[in-house]
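Working notes, structure below.
In what follows, every chain begins at residue 1, and chains take the letters A, B, ... in the order their sequences are listed.
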There are 2 protein chains.
Amino acid sequence: MSDAPSLPIARQQSVRLVVERLLRDRAVSRAELARSTGLSKQTISEVMRDLERDGWVREDGQVQGSVGRSAVTYALRPDAAFVLGVDLGGTKLHVALADLQGEIVAESIEPTSGDGGAAVVAQIGRMQESLLQQASVPAQRLRGGVMGSPGIIDPASGSIVIAPNIPGLDSLDVRAALRERLGIDVAIENDVNLAAIGEHWRGNSRKARSFAFIAVGTGIGMGIFSDGYLVRGARGAAGEIAYLPLGGDPYDTRGLRLGTLETAVGSVGIVERYLGLGGVPGGTVRDVFDRLDSDEAARVAIDEVSRILASAILAVHCILDSEIIIMGGSIGVRPELKLRIEEYLGRCMRQPVRIELSALGNRATLIGAVGSAIDLVHRSLFGIGRDAGPLALPAMATDVAA
Amino acid sequence: MSDAPSLPIARQQSVRLVVERLLRDRAVSRAELARSTGLSKQTISEVMRDLERDGWVREDGQVQGSVGRSAVTYALRPDAAFVLGVDLGGTKLHVALADLQGEIVAESIEPTSGDGGAAVVAQIGRMQESLLQQASVPAQRLRGGVMGSPGIIDPASGSIVIAPNIPGLDSLDVRAALRERLGIDVAIENDVNLAAIGEHWRGNSRKARSFAFIAVGTGIGMGIFSDGYLVRGARGAAGEIAYLPLGGDPYDTRGLRLGTLETAVGSVGIVERYLGLGGVPGGTVRDVFDRLDSDEAARVAIDEVSRILASAILAVHCILDSEIIIMGGSIGVRPELKLRIEEYLGRCMRQPVRIELSALGNRATLIGAVGSAIDLVHRSLFGIGRDAGPLALPAMATDVAA
DNA sequence: CCAATTTGTCAGGACAGCGAACTAATGCTG
DNA sequence: CAGCATTAGTTCGCTGTCCTGACAAATTGG
């Protein structure tokens, strides 16, 4: 905090090099730091003295080299700062408090307030205070946060353009309101994009620099990583595959309104399809899946949905050449669906793309929010990867690439 | 050249700041540089003295401020270094020699040698020597090059994985062979990607940070920019929209082999479609377009192609949220096609994406190669934007964003 | 217990960058 | 036309980072 603004450029650079190294390996000795950064031993000593004085690092054990004096190793203090991750859904509001290592120290879920944007901001504020108290974290240690929300977020301003589920959220300057109420800067990002970030950080696409996360549930959406960077698009609407012209006629007015693909494979579409095939009325998507083995209509319906999803994945893969596709969302994580999609993919691709189920399930957005928040805090404190835009996450804590 | 390796980090940083500013505005005074970089006047003076001594910049006129002493302005010397741009097509080989400002000082076209990869490399070598002589440029001033080729280029190694038109090119280490023969480092990139870079640099998408360049000709391909970066994909196959599951059945074996979309709207597909509608046999795509007003079969055929292309553009736009779509390639640049596509887009999108024709035509790849080569040389000389991968072009000369 | 090796600190020097004072050039004004 | 305000660019002295080299401290192996 006190160092970033005032320190001269040269020292900032040195600090940055040291911190970047410390982010990769938990415990590093001063001598090792000197070797790997190319700085001299004294420079390292000085930097470490300052970092330790300000509470950013601490001694963390020793290391016995085969011969010679043993070295004291240093590690970042996970409790040097904390971040807030928020998953704002239409029905549930999930807030987590985590330290700089990504360890969640407190979290809570509440039904989302139905009284509009300002009430939701106040609710988040109350939950934040409760979590801070619960984990005995002083408020000034909280250094930033990220909130995921359905809808479209303008990449330039970071404000919500379209918020489908929460009335009055798009008319409010949520970011300013959150800063006012919480006392920290909170970046806002599309929930599916954050889920993709979560899977990249702690999930099933950790090693992939190019992948897509497809969420199939009530609606359908996608988060895209390309070369390790989140793809947002010109207006923050990249990955809105609800409107893909597959599974129906894109010139139909209904597809124009709700999205052709979403109409075909969203939860409403699946149930309608099942009924159209003579299925038993009065059930949900869950029931359709449960009847897969006994009910021919269910089998055919899910088969058709899988076929459409496979062609959507083919389309995505053609355009993005992703290394892996992660399936998420309440419907997307069903293994029965994955099996069928893989079968169809085998019939329309020479080298079918790898499909994996989300490892984080309904926590993906929350974990992505925490990960992004940690990255943002690192960036603001040490200027790491400052050339990259916010939430680009190329130098993320777990990114092992040199 | 001689400065980059030996200079201390702080000075390199200063030089980099100065050069980045000079790349944006042609002529800048020292006082202005001091203000915009935040460095002190003396530091600027010293940096400029060194740069001028080494031949990178020169005095370039004066400027009259409304009041006060007039300032001497400096500009980068365009002739400080030269680059080679190569467009390697299946039938034509196009090579250009350009200075650091992107001014092409000599260029030539030859039929591509039919004797395979090694012969092509030798041919490029001969053309390079001829161009250097023609423009009286000493060989040591040539500092780098970029070559565009159809096929898939591995993003990690930069070598050609699949080269459809030139036999023996994929088995050869083209990059090493070119370095050996030309004496410079030559990066290789997909031709459509380079065309997209060309349009971004000097064409119709100059201000767009997210756009797609779609080339429709014998085949169909796409180059993608997202947030100012070229999207390559995991294996360099991003933008291979030939396989999009539109305009046909993706589970058909023919679509699997040739690509569903390409089968439908490639030149062969257009002619076949025209014949199937009862058109006059024995013509080319050009003839079909020429008969648009007189021949009902031609009108319907082009209409259907436009409808399919519109849905492809819709698919691309859903996934990428591009600001603008540039149409290129021998078929893609036809205004008749653009008109019809726009009509269909108006019927399947609430806010139709902007469509523009390529401003560079069949020179797009060559110009993109020159632009990337200049960017690479800037990068290697001054370490500009070193965090970004090769050819990412975020700090390109014409990029006005701060 | 000593030699070898590695860790970490203590000086001294080199140098980039800054601030302030100063000189130089230009336009405006009385 | 002289003087003043303003801007451009230089010289000088200072601060602070970083490096080299020497040295003390700690640890292992013989």
Side-chain angles (χ1 to χ4, degrees), chain A residues 2-19 21-22 25 27-54 57-75 382-383, chain B residues 3-22 25 27-54 57-75 382-383:
Chain A
S2 63
D3 44 358
S6 59
L7 275 172
I9 304 162
R11 172 52 63 93
Q12 273 186 47
Q13 193 97 3
S14 304
V15 170
R16 187 174 133 181
L17 278 169
V18 168
V19 173
R21 184 75 172 79
L22 285 171
D25 299 299
V28 189
S29 74
R30 275 181 274 202
E32 172 56 27
L33 278 169
R35 277 190 297 267
S36 67
T37 60
L39 298 168
S40 67
K41 285 188 292 180
Q42 314 71 312
T43 304
I44 295 294
S45 285
E46 205 168 330
V47 169
M48 297 309 286
R49 189 158 40 241
D50 291 356
L51 283 174
E52 194 172 8
R53 166 173 49 75
D54 295 344
V57 304
R58 65 172 175 214
E59 296 189 11
D60 188 62
Q62 295 210 339
V63 77
Q64 269 94 334
S66 55
V67 66
R69 176 173 168 179
S70 65
V72 179
T73 56
Y74 287 81
F382 306 111
Chain B
D3 44 358
S6 58
L7 275 173
I9 304 161
R11 173 52 64 92
Q12 271 187 48
Q13 193 98 3
S14 303
V15 169
R16 187 175 133 179
L17 277 169
V18 168
V19 173
E20 270 177 349
R21 183 76 172 80
L22 285 171
D25 300 298
V28 189
S29 74
R30 275 181 276 199
E32 171 57 27
L33 279 169
R35 275 191 297 269
S36 66
T37 60
L39 298 168
S40 67
K41 286 190 289 182
Q42 318 70 291
T43 305
I44 295 294
S45 286
E46 203 169 331
V47 169
M48 297 309 285
R49 188 155 43 239
D50 291 356
L51 283 174
E52 193 171 11
R53 167 173 48 75
D54 295 344
V57 305
R58 65 174 175 213
E59 295 190 10
D60 188 62
Q62 294 212 338
V63 77
Q64 269 96 335
S66 54
V67 66
R69 177 173 168 180
S70 66
V72 179
T73 57
Y74 288 81
F382 304 111

Dump the pairs, protein N or O against N or O of nucleotides 1-5 of chain D, anything under 3.5 Å, distances to one decimal.
none

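- In this structure, the CD1 atom of B:Ile44 is 12 Å from the P atom of D:dT10, given to the nearest Å.
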Within the sub-3.5 Å range, which N or O atoms of nucleotides 19-22 of chain C have a protein N or O partner, and how far apart are they?
from   : atom 1 : to      : atom 2 : distance (Å)
C:dG19 : N7     : B:Gln42 : NE2    : 2.9
C:dG19 : O6     : B:Gln42 : NE2    : 2.4

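- Without hydrogens or angle criteria, A:Thr37 side chain to A:Leu33 main chain gives a donor-acceptor distance under 3.5 Å.
- For A:Leu39, taking side-chain heavy atoms from C-beta onward, the closest of the listed nucleotides C:dG17, C:dT26, D:dC19 is D:dC19.
- Closest approach of B:Gln62 and B:Thr73 over heavy atoms only: N-OG1, 4.1 Å.
- Contacts of A:Arg49 with the nucleic acid, taken as non-hydrogen atoms under 4.0 Å apart, are absent.
- A:Asp25 places none of its side-chain heavy atoms less than 4.5 Å from the side chain of A:Glu32.
- Here the shortest heavy-atom pairing between B:Val47 and B:Ser14 reads CG2-CB, 4.1 Å.
- Of the candidate nucleotides D:dC18, C:dT7, C:dG17, C:dT7 has the atom lying nearest to any side-chain atom of A:Ala71.
- Look at CZ on A:Arg69: it is 12 Å from C1' on C:dT5, rounded to the nearest Å.
- Of the candidates C:dT7, D:dG9, C:dT9, the closest approach to any side-chain atom of A:Ser45 belongs to C:dT9.
- For the pair A:Gln62 and A:Ser14, nearest-nucleotide mapping onto DNA chain D gives the more 5' position to A:Ser14.
- Rounded to whole angstrom, the span from the CG atom of B:Leu33 across to the C1' atom of C:dG17 amounts to 16 Å.
- The distance between atom CD of A:Gln12 and atom P of D:dC18, rounded to the nearest whole Å, is 11 Å.
- Across the protein-nucleic acid pair, A:Glu46 atom CD and D:dG16 atom C1' stand 9 Å apart, rounded to whole Å.
- With rounding to whole Å, A:Arg35 atom CZ is found 12 Å from C:dT5 atom C1'.
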Point to revise | side-chain hydrogen bond (donor to acceptor under 3.5 Å, both in side chains) between B:Arg58 and B:Tyr74, worked out | key: CA-CA 6 Å; B:Arg58 65 174 175 213; B:Tyr74 288 81; over 6 Å; no

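- In this structure, the CZ atom of A:Arg16 is 18 Å from the C1' atom of D:dC18, given to the nearest Å.
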